[in-house]
Amino acid sequence: MFGTAAYFAANSSKADDYTESRANPLPKAAERTLIVARVALGEAYRALRPCPDMRRPPDHASSGLEYDSVWAEDRSSGG
């Protein structure tokens, strides 16, 4: 949805949604792997819409330097 990337979520249930294909779901008892990590985002770009063609963070409007990461705002907060 937001392009080629490593994705992280604040809630394990959100990450669990992506452990299987929607077209070919795994049995409920199937083993899955979840990595628990603390992630440093640096200066993050706030994405309010899907960006499927994005390959890197955009440039900052004021400095022209590239953002360090991208985070997607949830729908309840404008995303």
Side-chain angles (χ1 to χ4, degrees):
M1 178 182 285
F2 285 92
T4 303
Y7 289 89
F8 298 91
N11 302 309
S12 61
S13 59
K14 178 71 171 181
D16 183 54
D17 287 343
Y18 294 92
T19 62
E20 62 186 342
S21 166
R22 299 256 187 231
N24 190 19
L26 297 169
K28 288 281 185 195
E31 186 173 313
R32 294 166 171 85
T33 301
L34 183 68
I35 298 171
V36 177
R38 184 172 293 192
V39 179
L41 298 176
E43 187 172 359
Y45 172 76
R46 179 180 176 215
L48 297 176
R49 59 178 177 68
C51 308
D53 297 326
M54 187 179 284
R55 297 289 177 254
R56 64 172 187 81
D59 293 335
H60 196 284
S62 62
S63 70
L65 298 174
E66 187 177 301
Y67 281 96
D68 298 312
S69 60
V70 177
W71 64 276
E73 187 65 82
D74 60 35
R75 285 187 183 105
S76 66
S77 299

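- The minimum heavy-atom distance linking P52 with R55 is given by the pair O-NH1, 3.6 Å.
- For D59, the salt bridge (charged side-chain N to carboxylate O under 4.0 Å, His left out) criterion is met by R56, not counting sequence neighbours.
- Side-chain atoms of S12 and V36, non-hydrogen and from C-beta on, never get closer than 4.5 Å to each other.
- Sorted by first and then second residue, the ring-ring contact (aromatic ring centres under 6.0 Å, His included) pairs involving residues 23-56 (not counting sequence neighbours) are Y45-Y67.
- In terms of the side-chain contact (heavy atoms from CB on, under 4.5 Å) criterion, residue partners of L65 (sequence neighbours excluded) are, by chain and number, S63.
- Minimum heavy-atom separation, C51 to A47: SG-CB, 4.4 Å.
- Here the closest heavy-atom approach between residue D68 and residue L41 is recorded as CB-O, 3.4 Å.
- The minimum heavy-atom distance between L26 and R32, with the atom names listed, is CB-NH2, 3.7 Å.
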